[in-house]
2 protein chains.
Amino acid sequence: MKNQKRTTIYDIAKKLNLNASSVSRALSNNSNVSEATRKLILKTAKELNYKQNSLASNLRKGHNQTIGVIVPRINQNFFSNIIAGLEEVTYQKGYNLIICQSNESYAREVKCVNTLINQHVSCIIISVSADFEDDSHLKNVIDQGIQLIQFDRVADNLETFKVLNDNEQASMEAVSHLIEQGYKRIALLEGPQNLNIFKQRREGYIAALKKHDFEVLPELMIENAWTKELGAVATRKLLSLPNPPDAIFASTSDFSALGVLEVANKMGVVVPDELGICGYSNESFTEITTPSITTIDQYSVSMGKTIANLFFQEIKPESKDAVPKIVSIKPKLIIRSSTLKNKKSRET
Amino acid sequence: MKNQKRTTIYDIAKKLNLNASSVSRALSNNSNVSEATRKLILKTAKELNYKQNSLASNLRKGHNQTIGVIVPRINQNFFSNIIAGLEEVTYQKGYNLIICQSNESYAREVKCVNTLINQHVSCIIISVSADFEDDSHLKNVIDQGIQLIQFDRVADNLETFKVLNDNEQASMEAVSHLIEQGYKRIALLEGPQNLNIFKQRREGYIAALKKHDFEVLPELMIENAWTKELGAVATRKLLSLPNPPDAIFASTSDFSALGVLEVANKMGVVVPDELGICGYSNESFTEITTPSITTIDQYSVSMGKTIANLFFQEIKPESKDAVPKIVSIKPKLIIRSSTLKNKKSRET
DNA sequence: TTATTATTCGCAATCGATTGCTGTAAAAAT
DNA sequence: ATTTTTACAGCAATCGATTGCGAATAATAA
């Protein structure tokens with residue numbers, strides 16, 4: 001209870017008339033210690049309630065069983081699942097996570113990176129913030145000899161390990177699905193275009209339209225609509241067009257899709273008959289709205305595990321020259337009521 | 001890019017023909033360095049891309065700007081919000097968080113605690129796991145001179161700082177609300193009773209019943225029903241009783257309340273007319289179910305901030321003898337459609 | 001000009017654990 | 001019985017930053 005100093009290997013050594021080096025060896029299971037003294041050391045270590053000082057150990061050994069993680073927001077489903085997945089794997093390997101959130105701020109992201117560099121983490125896993133500006137801070141990570149893994153939102157030009165969702169493919173599938181359901185004018189709610197993921201989703205949208213010989217109409221593409229509120233605003237605007245859309249693909253998030261749904265319900269626009277809605281992320285609530293919302297699952301927990309395994313299997317063993325690798329995970333379209341225009345005809 | 005050694009204060013010192021101590025002083029803004037040399041040092045530090053080694057610094061200074069957090073599950077709404085709140089405050093104070101999840105396992109919780117002790121964190125913030133056994137590992141934290149703050153699920157007998165929800169009060173209000181709405185037979189879905197929070201919620205339930213001269217019926221109290229699936233199972237059992245309940249308080253979580261709702265909908269039991277439902281936690285989905293679910297908001301993000309502030313304001317300034325303090329936060333009953341039996345009569 | 005004070009900087013110990021090297025004693029081989 | 005090998009433990013340097021103390025220089029006062 002007192003703030004007295006913690007017991008060190010020297011305390012143990014002194015008590016046993018040994019040298020600290022022997023204590024260290026005994027505790028780290030190195031050879032060069034007789035079985036008798038090892039047992040003695042372990043016993044007194046327990047008696048004195050010895051706890052290793054990882055700071056000293058890591059300083060001396062020059063490396064750290066710690067991985068830094070930087071995400072925009074910890075309490076966003078996708079990211080908290082990623083972290084859960086990461087933690088699952090890293091824990092088993094005896095590694096710890098230091099977690100930071102950038103709060104979608106570039107300045108703060110830079111600070112987080114620097115803190116983690118100072119901590120001598122052995123790897124930084126990052127998904128960049130929304131107002132991402134340039135990648136000099138990430139370059140710095142590499143320069144300092146720290147492994148870097150980017151996921152989901154990445155700096156495209158930087159050659160690092162990356163774990164990505166195939167956003168374009170997923171987006172294309174979603175829009176194709178809408179087209180197949182018979183929707184004719186499909187609107188797109190977009191996120192900030194400085195983030196690669198939103199660019200890709202836009203491209204998937206365009207690709208799907210072109211593939212089916214649909215026109216790409218700029219007035220149906222609304223930028224920066226990635227909260228529930230902004231989704232609602234965008235929907236009101238879209239539905240009041242002279243020629244309104246009959247489907248909305250909220251490529252930004254399920255939250256904006258929820259905004260769309262609420263406005264539609266309020267305005268008496270029947271979903272899915274008069275308006276199809278598709279979200280992105282498979283947030284838990286999409287399953288239980290009325291109607292339930294079609295969305296895209298990103299396998300976030302398993303993505304977290306993938307990232308961690310990438311580190312342990314590919315990067316760590318030969319930290320000298322692991323070739324940066326891009327792992328692409330194909331998200332899955334989850335089809336629910338909000339886009340099943342043909343449901344009735346099928347059911348009968 | 002190379003794995004060459006990082007620049008240290010010695011490198012800077014050598015380049016400028018100075019001593020490392022001066023470099024250290026310059027970088028830490030201590031006095032005893034002339035303005036000229038300080039500027040020179042800062043300049044070359046930037047040139048050489050110097051990054052402090054926090055391991056060395058913390059080892060020498062004997063303390064660590066790091067706080068450890070242990071939660072059962074990172075990707076559970078309540079906990080990820082707590083963490084977000086914590087991070088918000090600690091970041092501003094220049095502190096880092098090391099986050100671990102116990103996965104509801106006591107053994108793993110103990111390991112997490114030990115890791116954090118080894119890391120010499122200055123504080124451990126914990127919500128104990130579901131199969132919590134005894135508090136010796138937490139006592140150990142205190143013995144090692146590390147501050148301990150428990151929140152939500154706490155070891156009652158251990159005198160530490162605690163930040164709690166007033167579960168009993170909240171539970172009582174919820175049940176009272178049900179009674180006022182005219183429900184006559186109110187069932188309770190309970191969590192594991194070795195966790196204080198569930199005990200308190202049970203007591204609130206009983207207190208409310210007694211207050212309104214209702215009988216406490218053991219057959220209406222179902223233990224261990226804290227997932228959606230278990231909630232559904234419990235509901236089926238309850239509704240098939242000869243004298244079934246007309247309201248269910250899922251005191252464990254909104255997820256079990258959701259299970260209740262789905263079973264009711266499936267069985268054609270009208271909510272809220274024939275069955276009232278109240279959950280716990282104010283998960284985001286409770287707002288958008290049909291009908292929306294009455295629940296209890298725990299102010300999780302602000303609770304996280306409260307915890308962090310407790311550390312910085314009360315504990316840190318005088319680490320010698322801060323008197324353990326219990327902060328109780330009153331959760332808020334959020335009344336929604338699932339318990340508004342009187343809605344129609346009111347509206348007319 | 002000399003004495004005193006204030007600045008600025010270097011020296012060296014320290015935080016706690018690790019590890020290559022050396023020395024000694026015991027065990028094994030000759 | 002002597003030599004060689006092995007096992008075990010100690011010595012001391014090291015990781016990088018911090019800090020009390022003292023020395024040297026510059027600035028100020030007398």
What parts of residues 112-120 of chain B reach DNA chain C, counting only heavy atoms under 4.0 Å away? none
Looking for any heavy atom pair under 4.0 Å, which part of the strands does [X] touch: base, sugar-phosphate only, or nothing?
{"X": "A:Ser22", "answer": "sugar-phosphate"}
{"X": "A:Thr37", "answer": "sugar-phosphate"}
{"X": "A:Ser24", "answer": "base"}
{"X": "A:Leu55", "answer": "nothing"}

How about A:Phe312 and A:Tyr95: are their ring centres within less than 6.0 Å of each other? yes
Check every atom of D:dC11, C:dC9, C:dC15 against the side chain of A:Asn19 and return the nucleotide holding the closest atom. D:dC11
Look at the side chain of B:Arg60 and decide which nucleotide, out of C:dT19, D:dA9, D:dT18, has an atom nearest to it. D:dT18
In whole angstrom, give the distance that lies between atom [atom1] of [X] and atom [atom2] of [N].
{"X": "B:Arg38", "N": "C:dT8", "atom1": "CZ", "atom2": "C1'", "value": "12 Å"}
{"X": "B:Asn53", "N": "D:dG16", "atom1": "CG", "atom2": "C1'", "value": "6 Å"}
{"X": "B:His63", "N": "D:dT18", "atom1": "NE2", "atom2": "P", "value": "10 Å"}
{"X": "B:Lys39", "N": "C:dC9", "atom1": "NZ", "atom2": "C1'", "value": "19 Å"}
{"X": "A:Leu18", "N": "D:dC8", "atom1": "CG", "atom2": "P", "value": "13 Å"}
{"X": "B:Leu59", "N": "C:dA17", "atom1": "CG", "atom2": "P", "value": "9 Å"}
{"X": "A:Asn58", "N": "D:dA17", "atom1": "CG", "atom2": "C1'", "value": "16 Å"}

Which residue is it: B:Ile41, B:Asp11, B:Thr44, B:Leu27? I am looking for the one with a side-chain contact (heavy atoms from CB on, under 4.5 Å) to B:Tyr50. B:Leu27
Audit row: A:Glu314, A:Lys325, salt bridge (charged side-chain N to carboxylate O under 4.0 Å, His left out) steps and yes/no: CA-CA 9 Å; A:Glu314 305 251 350; A:Lys325 187 174 171 180; 2.6 Å; yes
Where [X] and [Y] come nearest, the two heavy atoms and their spacing:
{"X": "A:Val327", "Y": "A:Thr306", "result": "CG1-CG2, 4.2 Å"}
{"X": "B:Leu86", "Y": "B:Gly304", "result": "CD2-O, 3.3 Å"}
{"X": "A:Ile142", "Y": "A:Thr160", "result": "CD1-CG2, 3.8 Å"}
{"X": "A:Leu195", "Y": "A:Ser129", "result": "CD2-O, 3.4 Å"}
{"X": "B:Cys112", "Y": "B:Gln101", "result": "SG-O, 4.0 Å"}

When you check the gap from the basic side-chain N to the acidic O, do B:Arg153 and B:Glu109 get nearer than 4.0 Å? no
Scan residues 7-17 of chain B against DNA chain D and write down, sorted by residue number, each residue with any heavy atom closer than 4.0 Å; if none is found, say none. B:Thr8, B:Ile9, B:Tyr10
Within 45° of the axis and under 6.0 Å from the centre of the six-membered ring of B:Tyr91, does NZ or CZ of A:Arg108 qualify? yes
Return whichever of A:Lys61 or B:Val33 has its heavy-atom-nearest nucleotide of DNA chain C closer to the 5' end. B:Val33
Can you check nucleotides 20-24 of chain D for protein contacts, nitrogen or oxygen pairs under 3.5 Å, and list what you find?
| residue | atom | partner | partner atom | Å |
| --- | --- | --- | --- | --- |
| D:dG20 | O6 | B:Arg25 | NH2 | 3.4 |

More than 12 heavy atoms of other residues, nucleotides or ligands under 6.0 Å from CD of A:Glu159: is that the case? no
Check the pair B:Asn77 / B:Asn81 against side-chain hydrogen bond (donor to acceptor under 3.5 Å, both in side chains), numbers first and verdict last. CA-CA 6 Å; B:Asn77 226 290; B:Asn81 281 332; 3.1 Å; yes
